[in-house]
Q: 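Dropping a structure here in structure tokens format, bear with me for questions.
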Amino acid sequence: MKPSKMNKLTEIVGRTPKAVIAFSGGVDSSLLLKLCSDILGKRNVVAVTGVSQTYTREERAVARRFTKELGVRHVLLETDELACRNFSENPGDRCYYCKQELYGKISRLARRSGIPVIFDATNADDLSDHRPGRKAAAEFGVVSPFILAAWTKKDIRDHSRRLGLASWDKPANPCLASRVPYGTRITADILKKVHRGETLIRGMGFPVVRLRHHGPIARIEIPVQDFPRIMRPGTLRTIASSLKSLGYLWIALDIEGYRMGSLNRPLTGKGPERT
């Protein structure tokens, strides 16, 4: 990463005396929170995490642990996306309604706390994917320092590693709703099934996995290089038996492997790149 990118980010963050950071606990928001804490001071940043049925208990624990280690204030905001019909019916702009609720609540918290700016950790690479949540961010004046300073995902991982952050190589793990194809109604039961299924497969040694919910079919995406391990007869039997116990009738392994945002294909008209 060029030093100019770090200088630019420092200049952007340093324009405000205090900031609220939309914090999920992922690699991007963890680095942003760390940098904002260093630049503005720990007392001048507040990490805010939206908690709902789309956000796993494991992710919440990771977020709480990191903020505790960093020594910054951490606020958990309860959100209820499933109560919003525009979200639960799962249209192509589903993420807009999720972010609208989240940023609305964060905005009210920021005003009550006298904090003038909300930062999120969207990076330059994210702009190439379908991101309807960006519209909600714009409506609430959310600032994205990584975009403004032209930081890519590689920049973020590289700098996180240099700083010794445990999250530097953490796999991406967007909300559970991203496993449900657009047009399929999202329910609490579906989210629980997906979470339990992915937890099982990760526990068998596959840290990067997506369980895409297609009604009675569970479509598994893992990196292609992991195919030889998952194709072992004992592994296949265990996964099939476990997922069928959750209610799935058929279990499929996607031969294209894991692709970030694969369910966006009907909207973008192109196949996402394998990661």
Side-chain angles (χ1 to χ4, degrees), residues 24 26 50-60 78-104 122 126 128-137 171-202 206 208-223 230 236 239-275:
S24 69
V51 178
S52 73
Q53 291 158 306
T54 69
Y55 187 68
T56 70
R57 295 185 301 274
E58 294 84 355
E59 290 293 296
R60 183 194 306 195
E78 295 286 340
T79 61
D80 189 8
E81 294 90 343
L82 295 185
C84 173
R85 184 174 179 181
N86 287 326
F87 176 89
S88 61
E89 293 198 348
N90 203 8
D93 59 349
R94 173 197 70 224
C95 291
Y96 166 74
Y97 299 101
C98 172
K99 295 298 186 184
Q100 187 181 52
E101 178 175 3
L102 176 63
Y103 289 140
T122 308
D126 291 331
S128 63
D129 196 8
H130 177 64
R131 297 276 175 169
R134 295 296 301 159
K135 178 182 175 183
N173 193 24
C175 84
L176 292 173
S178 66
R179 278 63 155 181
V180 185
Y182 295 112
T184 299
R185 184 174 179 82
I186 301 170
T187 67
D189 285 342
I190 288 174
L191 297 179
K192 289 177 183 176
K193 284 173 66 172
V194 168
H195 179 222
R196 290 176 64 185
E198 287 191 354
T199 299
L200 165 89
I201 298 170
R202 286 197 183 96
F206 300 94
V208 178
V209 60
R210 294 291 184 273
L211 195 161
R212 308 295 188 185
H213 175 92
H214 298 272
I217 301 171
R219 177 169 61 87
I220 300 169
E221 292 181 14
I222 61 171
I230 204 170
L236 289 177
I239 291 175
S241 174
S242 298
L243 294 185
K244 286 181 178 180
S245 74
L246 296 178
Y248 290 108
L249 298 180
W250 297 283
I251 318 303
L253 176 64
D254 193 314
I255 62 173
E256 290 187 273
Y258 166 64
R259 293 94 65 208
M260 186 178 295
S262 69
L263 290 183
N264 290 335
R265 182 180 296 181
L267 301 178
T268 61
K270 64 180 180 179
E273 294 182 0
R274 186 180 295 119
T275 59

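Along the sequence shown, residues are numbered consecutively beginning with 1.
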Q: Which atom pair, heavy atoms only, marks the closest approach of Arg212 to Ser178?
A: NH1-O, 3.1 Å

Q: Which side-chain N or O atoms in residues 184-191 pair as donor and acceptor under 3.5 Å with protein atoms at least two apart or in another chain?
A:
unit_1, atom_1, unit_2, atom_2, d
Thr187, OG1, Ile190, N, 3.2

Q: Taking atom CZ of Arg60 and atom OG of Ser24, what is their separation to the nearest 0.5 Å?
A: 14.0 Å

Q: Does Arg196 CZ have over 12 foreign heavy atoms under 6.0 Å away?
A: no

Q: Drop me the distance from His195's NE2 to Glu59's CD, to the nearest 0.5 angstrom.
A: 8.5 Å

Q: Check whether any side-chain heavy atom of Ile220 lies under 4.5 Å from a side-chain heavy atom of Asp254, and answer yes or no.
A: no

Q: Enter the distance from His214:NE2 to Leu211:CG here, rounded to the nearest 0.5 Å.
A: 9.0 Å

Q: Could you go through Leu253 and Ile222, starting from their C-alpha distance and side-chain angles, then the distance that decides it, and tell me whether this counts as side chain to side chain contact (heavy atoms under 4.5 Å, CB included)?
A: CA-CA 8 Å; Leu253 176 64; Ile222 61 171; 4.1 Å; yes

Q: Looking at Pro181, is its backbone amide N or carbonyl O close enough to the side chain of Asn90 to form a donor-acceptor pair, meaning the two atoms are under 3.5 Å apart?
A: yes

Q: Okay, side chain of Arg259, backbone of Gly257: is any donor-acceptor separation there less than 3.5 Å?
A: yes

Q: Which of these passes side chain to side chain donor-acceptor pair (under 3.5 Å) with Glu198: Arg210, Arg179, Lys193?
A: Arg179

Q: Looking only at non-hydrogen atoms, find the nearest pair between Thr79 and Glu81 and report the distance.
A: OG1-OE2, 3.2 Å

Q: Taking all heavy atoms of Val180 and all of Arg94, pick out the closest pair and write down the distance.
A: O-NH1, 3.9 Å

Q: Verify salt bridge (Lys or Arg N to Asp or Glu O under 4.0 Å) between Glu221 and Arg219, making sure each step is shown before the conclusion.
A: CA-CA 7 Å; Glu221 292 181 14; Arg219 177 169 61 87; 2.7 Å; yes

Q: Applying the side-chain contact (heavy atoms from CB on, under 4.5 Å) criterion to Cys84, which one of Leu82, Asn86, Asp80 satisfies it?
A: Asn86

Q: Does a donor on one side chain sit under 3.5 Å from an acceptor on the other, for Glu101 and Tyr97?
A: no

Q: Would you list the atom pairs, donor with acceptor, under 3.5 Å between side chains in residues 241-252 and any protein atom, with sequence neighbours excluded?
A:
unit_1, atom_1, unit_2, atom_2, d
Ser242, OG, Thr238, O, 2.8
Ser245, OG, Ser242, O, 2.5
Tyr248, OH, His213, ND1, 2.8

Q: Do you know which two heavy atoms are closest between Tyr96 and Pro132, and how far apart they sit?
A: CB-O, 3.7 Å

Q: Can you tell me how far the CZ atom of Arg131 sits from the SG atom of Cys95, to the nearest 0.5 Å?
A: 8.0 Å

Q: Check whether any side-chain heavy atom of Phe206 sits under 4.5 Å from a side-chain heavy atom of Ile230, and report yes or no.
A: yes

Q: What heavy-atom pair brings Cys98 and Phe87 nearest, and what distance separates the two atoms?
A: CB-CE1, 3.7 Å

